[in-house]
Amino acid sequence: MCGIVGCVGRPDETLDVLMHGLSKLEYRGYDSAGVALANGTVEIEKREGELENLETALEDIDLGGSVGIGHTRWSTHGPPSDRNSHPHADCEGRVAVIHNGIIENFQTVKDELVAAGHEFDSDTDTEVIPHLIESALADGASPENAFRAAMERIEGSYAIAAVFAGGDAVYCAREDSPLVLGVDDGATYLASDVPAFREFTDRVIYLDDGEVARIDAEGWSVTTLAGESVDKSVHTVEWDAEETGKSGYDHFMLKEIHEQPRALRQCLRGRVDELGGTVELEELDEPPRPTAVQFVACGTSYHAALYGAQLFQDAGIPAQAFLASEYVTSPPPAGEALVVGVTQSGETADTLSALREAKGRGARTLALTNVVGSTVSRECDHVIYIRAGPEIGVAASKTFASQLAALNLFALATANGGDRDGLGALRDLPSEVQAVIDDSTAADIAVEYLDAEGYFFIGRGLNYPVALEGALKLKEITYRHAEGFAAGELKHGPLALVTENTPVIAIATGDGELARKTVGNVKEVEARNAPVIAVTDGQSDIERYADHVLPIPETHPRTAAVLANVQLQLFAYHTAAQLGRSIDKPRNLAKSVTVE
Amino acid sequence: MSLRTAVVLAAGEGNRLRPLTHNRPKPMLPAANRPVLEYVFDALIDAGIEEIVVVIGYKRDRVQEHFGPTYRDVQLQYVTQEKQLGSGHALLEARSVVDEPFLVVNGDRVIESGLVTDVIGEFEAHPDAAATLGVLEHRDARQYGAVALHEGRIEEIIEKPDTDDYRLINAGVYAFRTSIFAAIEATERRDGELRLTDTLARLIDSGEGVRGVRIDGLSPHATYPWDLLTVTREILARGRVDEPAREQGIWVDDTSLVHDDATLQAPVVVGPDCEVGPGAVVGPDVALGRNVTVEANATVTRSVLDTDTRIGPGSTILDCVTGQDVTLGAANTIPGGPADVRIDTQIYEEQALGAVVADRVHAGGAVTLAPGTLVGPGARLYTGTRASGRIEADAEVLG
C-alpha cells in the first residue's frame, strides 16, 4: 500500500507541505518516495528507500510551483527502485501521476499504448495513466476530460492524483482506496489519510468510490466519473495534529502501548452504566439481538474477531470468525447472521470484499472500526467505533485492546444485557492495564531469550486469540519465528518443535478448568526442558512450573485476556528493541493493506 | 522584551507525599480532580506563554503519557533529569532548549495566571536584572525560603530562618536570562544538590541585580497528603473547575451518571465517567476523579477520590485521599480526623485526616480505618479489618 498527498495554494511552501504530509504517511509504505510540482512545466524528483533519501536529494535542487503531489510507495508491481517510484510521467513530461492501488487491466492498456508509440520507463501498472492522459490530450481533450477518460479506461482499485504542466489544479479520483480532501481558506489538500494535512486544516471531505475531484487554491469540486456534480459534506476532525507525535517515547509503538488506558477510557466513555446494568452504543439505534454472528477480519483484527465470536457463543448465540480473504473465496451460508467486519483502518481491502460479498447475498453488516468516515463505516448497515485515536506504529497495539473492549460493549448491548460484573470489569480495565504497564518485568525477561530459536504462545478459551496475537506481534517487529497455538493442540504436533531453545509463553488466568488444563500443557513442555514464561493472575498454580512470571491483576476472564495481551506486547516490544529492529516500520509490512 | 518560554520543574517525587507518589510524581497528584500540573500549565498559557519546557524525571512516563506533545495547543518539550539533584540541577537540563529569557515555575504547586503576569511585568520593567522572583507575604516565613525585599530589590534570601524577622517568602516563580545557567554551574553543591536558591543568594552577594515582586494568588502548598484536601477545598471555593455546573458549586461531567435519588452537596465536582448510586451523599468539599464509582447509600465528605476509585455500598468516607484504582468494599468506615500523623520521623498533631489510601489498595467489606491511617499501594485489607497507623505497600491485613 502507498500514501499519496497533494496541495494547491501554498505558493512558496508547496514542497514543504508535501514533504510534511509524506512524513506523516510514511507508515503506509516506505520503500520509495517522490514528488511532482507543476508550474509552466512539471518537475519530478523521486528516490528509492526511506523518505530521508528524497529529502537529501531535494537539498540540492530547487523545485518551485504552487501545485504539487507526493507519494510514498510500498511495492506491489516492480521492485523498489528510483525508476519504479512515483510520480510517473507521460512521454513528454507534461503530466505527472501518483497512484495507490492496483490497475488490473494495465497489461492490456500498456500493450495498446506501446503499440501506439508510447514509451514506458518503469515496470509499474501506474505508468499507463499518464500515457492514457497524454493520448486524450493529444486528441484535444481538456486536462479534466483527459483525466476522466483515463479513469474510465482503467479497472482496479485506486486513489489517483495528477498534475499538468501549466495547470493550477490537482485532479484526483477514488475507487476502493482511501482518499480525503482537506479544505482551508486559500489552500486545498488531498491525502490518503487525514494526518498528512491535519496541521493545516481540520475540515475534510471523504471521497466515495467513483468520484472525481478537482482542487485548486480557491476550493474544490466533486463530480461522478460521468461528470455529474456531487454534493459533499465537510466534516471536522476532532483530534489535533500533535496526537500523532511521539511525545518523548522511543517508538510510536511504545507510546501506543502506554496510551492504552486512555484509549480504553475513550472507548468506554459514556457507553457504560454499571449500576444500571446497561450499555448504550449511540451509533446503534436499536441494537438488534442477532440470531447468529459471522465475523470477518484480517491479521490482528482477526484475533479480535476470534475473541468476539467467543463472547457471543458464551451468550448462546452461534458465532464464528473468518479470515476475510477466505470468506470471499468460499463464502459460508450467512442465513440470518449479522456479518461483522473488524478493521482498524476501515480500508482493509480483504475485509471490505468479504462484507460486500455478504451484503450482496442479503446479509446485514456491521463495521467495528477506528476510523470515522472510512469506507467500511459508510458501506455497512451499522457501525461501532472503537475510539482508540490515531495509531501510527505499523504493528497494532492499542487498537487491539480497544477492539476487545468494543466487542465486549457490542456483546453486552446486544446479547447479554444486565451483566453488572461484566460492566464493572470493563470500567476497571483502564486502571488494570495501567497497573500492568507500571509493574511489567517483560523487558528483563525478553533480554534472556534474544537468541531463542523460536517462540511459542499457548492459551485456551479467550486466551487463545491472545496467544495468536502475542505470536503475531513478535513476528512482526522482531522478525523471529513465533507461533501461537490453542494450548490443547500442542500435543497434536507442535510439541515436536519444542526444545530447550524455544521459550513457551503460556497464558493461564482464573482457577477454572481451562487454567488447569493449560497448566497440564505447561508440564508437557517443561518435560522437554523448554523455558516457560507464564502470564497469569496468580489464581492457578502455573507459577510452580514456570521459569518466569508476567503477572496481571485478578479480574473478570474477559478483561484478563486484554491484560495478558499487554504483557505480550511489552515482551515483543522489548525483544525487538534489544535486537535493534525498525519497530514502527517493520520490513515488508504496511499499516493497513488496501490491496487484496 | 517579552517572555514566551517557561520551564516547569516536574522531576521530583515528593517524598513527604508518600505513599501517594508510588507510581507518579508529585505534580501528577490531584488537586480537586485534575493533576496539579494542569493548573500550572493553565496559568502559564493564560499569561501568554507560548512554549513550555517540562523537566521530568521520577516516573516521567506518567507526565508524558498524560499530556503528550501539546497542551491546549501549546507545545510541550520534555527534558529529562535522570537523578534528582536539586532545582538548579533540574534547570540546567533545560539549557540546551532555551535560548532567550524565560520563566521558571515549580510543577507541584497550583498557581494563578495573575501571579505569572506580575512576574513577567516586573521582568519587562527591569530587563537587566539577573533574576526576578515572585515573593509573597506569609505569616510563618520561618518554614520556607524567606526573602528581604527593599525597593524592588531582593537583599537577602535564606532557607528556613530561625528568627521572626521575615514576612516574605520566595514563591517559586522566577524570570531569568540565559546567563543564569552559567551562574548555576558556578554554584557550589550542598549535600550533593545544586539548589536554585543558593545560586540566587550568590547573585545577591555579588551585587548582581535580583528583583522581587510582591504577588498573591498562590494556593496552599501540598507538602503532606492532607494538604491535598486543603488545596482541593480552595480550588472548589474559587470554582477553578472544568466540568459544567449543574447548580451553584455542583459540577458534573456530561458523561457521568448520578442517580436521581443521590444527593450532591456543594461544593463538589464529579469528573468524567463517574457513577453515583441511589441514596449516596457526596459532598461538600469532594472531588471525584475520572471513572469513580460511589455505590448506593455511601457517604463521601471532604475527600479527594482519584481516578478509578470505587466506594462500596453503605460506606462512610470522611477526610480521605484515595489514589488511583482503589476499591473499598461495602460498609467501610473512615470516620475522619483529627489525627496525629507520623511522616518520616515527625509527628504532625491534630491533622484533619481520615485516611490516605494509595493506588490499587483493595479493601473487603466492613473495613474500618482509624483517623490518620496511611495505607500503602497494593495493600489488601480483608473483610472486617480495623486498621490504623501505617500499612506497608502490598501488605495483606486481616482482623
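This is a predicted model, so every value here is computed, not measured. Note on naming: letters A, B, ... go to the chains in the order of the sequence lines (proteins, then strands), and numbering restarts at 1 for each one.
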- request: Check whether any side-chain N or O of B:E275 sits under 3.5 Å from a backbone N or O of A:E274 as a donor-acceptor pair, and report yes or no.
  value: yes

query: Closest heavy-atom contact between A:L275 and B:V294?
result: CD1-O, 4.2 Å

- line: Applying a strict 4.5 Å limit to non-hydrogen atoms, the region of A:D273 in contact with chain B is both

- prompt: Heavy-atom distance under 4.5 Å to chain A: side chain of B:V292, backbone, both or neither?
  reply: backbone

- request: With a 4.5 Å cut-off on heavy-atom pairs, point out which of B:R360, B:R290, B:H259 contacts chain A the most.
  value: B:R360

message: Using heavy-atom distances under 4.5 Å, tell me whether B:D359 contacts chain A through its side chain, its backbone, both, or neither.
response: neither

- prompt: Does CZ in B:R4 sit with more than 12 non-hydrogen atoms of other residues, nucleotides or ligands closer than 6.0 Å?
  reply: no

- prompt: Are any side-chain N or O atoms of A:R269 and backbone N or O atoms of B:P272, one a donor and one an acceptor, separated by less than 3.5 Å?
  reply: no

Under 4.5 Å from a heavy atom of chain B, the part of A:R265 involved: both

message: Within this structure, what is the CG-CG distance for the pair A:L268 and B:D273, rounded to the nearest 0.5 Å?
response: 7.5 Å

message: Please report the interatomic distance CG(B:L257) to OG1(A:T278), rounded to the nearest 0.5 Å.
response: 8.0 Å

- request: Using a cut-off of 6.0 Å, state whether more than 12 heavy atoms not belonging to A:R544 lie near its atom CZ.
  value: no

Part of residues 566-576 of chain A lying next to chain B, heavy-atom separation under 4.5 Å: none

statement: From the list B:D325, B:T307, B:N291, B:T255, the residue making the most non-hydrogen contacts under 4.5 Å with chain A is B:N291

message: What I'd like to find out is whether the side chain of A:D438 reaches to under 4.5 Å of the side chain of B:R62, using heavy atoms alone.
response: yes

message: Can you list the residues of residues 425-436 of chain A that sit under 4.5 Å from chain B, counting heavy atoms only?
response: A:R427, A:D428, A:S431, A:E432, A:Q434, A:A435

